[in-house]
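The block underneath contains the structure these notes are about, expressed in structure tokens.
A quick note: this is a predicted structure, and the numbers were derived from the prediction, not measured.
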Amino acid sequence: MNFEKIVNRVTVEIYEREPFLLERFGKQGKEKCREDNHHHMKQLETAYELNQSAFFIDYAVWLNGILNKHGMKTRHLIDNFEIIQAVLADDADSAEKTEKFHLYLAEAITVLKGEPVKGGV
């Protein structure tokens, strides 16, 4: 799984969906977006290695709190995670890992929406 390629595709997709972001945050903001997505991927990788979705969910909740304090909405993080899911769906390199990442992202999205996670994390 090529994280650099995934992060590049996710960042491009975010800025295509929300072109005002470039005006608002400039190139520095776009680089921060790439950096954030590298962190998302590293957290997904660690959750995979630990085989614990709770690890990624805790990260998502923690990050959402920080982003909210800086004026971002929870919807932005959910959208970002959904874009990662879409990009991963196109990555057939590692089916098992991709499936787990998709699950971790889905569970984090559910928690961020304030809904209970099936199976009780």
Side-chain angles (χ1 to χ4, degrees):
M1 188 176 285
N2 183 335
F3 285 176
E4 187 68 27
K5 183 176 149 187
I6 292 167
V7 166
N8 287 338
R9 288 185 56 206
V10 169
T11 303
V12 166
E13 181 66 25
I14 288 170
Y15 276 81
E16 282 179 0
R17 287 186 186 191
E18 306 285 348
F20 75 90
L21 290 173
L22 194 56
E23 295 172 23
R24 184 171 175 199
F25 299 109
K27 289 183 179 179
Q28 185 177 5
K30 194 170 187 177
E31 189 52 40
K32 181 68 177 138
C33 179
R34 287 178 39 70
E35 187 179 303
D36 288 349
N37 277 284
H38 274 288
H39 289 300
H40 302 339
M41 297 307 296
K42 286 178 188 172
Q43 296 298 318
L44 285 166
E45 180 73 20
T46 301
Y48 177 78
E49 290 170 0
L50 296 172
N51 195 27
Q52 290 185 1
S53 63
F55 181 86
F56 187 75
I57 292 168
D58 290 347
Y59 163 75
V61 170
W62 168 82
L63 178 60
N64 188 54
I66 291 173
L67 294 175
N68 287 171
K69 287 179 186 174
H70 288 90
M72 298 292 285
K73 303 226 179 302
T74 300
R75 182 78 237 164
H76 293 119
L77 186 56
I78 291 170
D79 289 347
N80 193 155
F81 287 173
E82 288 173 344
I83 291 168
I84 293 172
Q85 285 180 312
V87 169
L88 286 174
D90 292 339
D91 185 359
D93 289 350
S94 174
E96 180 198 342
K97 186 181 279 192
T98 298
E99 187 177 313
K100 285 282 195 178
F101 280 21
H102 187 84
L103 173 67
Y104 300 156
L105 288 158
E107 289 181 357
I109 289 167
T110 298
V111 169
L112 291 172
K113 288 180 176 179
E115 300 168 2
V117 175
K118 292 177 184 172
V121 173

Set of residues satisfying side chain to side chain contact (heavy atoms under 4.5 Å, CB included) with respect to Lys97, sequence neighbours excluded: Met1, Glu45, Tyr48, Ser94, Phe101

CD on Glu35 to CD on Gln28, rounded to 0.5 Å: 10.0 Å

Cluster check Ile78, Val10: I/L/V/M/F/W/Y, side chain < 4.5 angstrom: yes

Least distance between heavy atoms, Leu88 atom then Thr98 atom: O-CG2, 3.3 Å

Salt bridge (Lys or Arg N to Asp or Glu O under 4.0 Å) pairs, two or more places apart, involving residues 15-27: Glu13-Arg17

Shared hydrophobic cluster, Ile14 / Ile66 (ILVMFWY, side-chain heavy atoms < 4.5 Å): yes

Approximate separation, where rounding is to 0.5 Å, of Asn37 CG and Leu44 CG: 10.0 Å

Gln85: partners by side chain to side chain contact (heavy atoms under 4.5 Å, CB included), with sequence neighbours left out: Glu82, His102, Leu105, Ala106, Ile109

Pair Phe81-Phe56, ring-ring contact (aromatic ring centres under 6.0 Å, His included): steps then yes or no: CA-CA 11 Å; Phe81 287 173; Phe56 187 75; 5.2 Å; yes

Joint cluster assignment, Tyr59 & Leu50, ILVMFWY side-chain distance < 4.5 Å: no

Leu77 side chain reached by His40 side chain, heavy atoms, under 4.5 Å: yes

Any donor-acceptor pair under 3.5 Å from Asn80 side chain to His76 backbone: no

Shortest non-hydrogen contact between Ala60 and Leu112, atoms and distance: O-CD2, 3.9 Å

Heavy-atom donor-acceptor pair, Tyr15 side chain to Lys30 backbone, under 3.5 Å: yes

Verify same cluster id: Trp62, Met41 (apolar side-chain graph, 4.5 Å): yes

Result of checking His39, Arg34, Lys32, His38 against Asp36 for side-chain hydrogen bond (donor to acceptor under 3.5 Å, both in side chains): Lys32

Between CZ on residue Arg9 and CD1 on residue Ile84, distance to nearest 0.5 Å: 12.0 Å

Test applied, side-chain contact (heavy atoms from CB on, under 4.5 Å); reference residue, Met72; option that passes from Asn64, Leu63, Leu67: Leu67

Heavy-atom side-chain contact between Leu103 and Ser53 under 4.5 Å: no

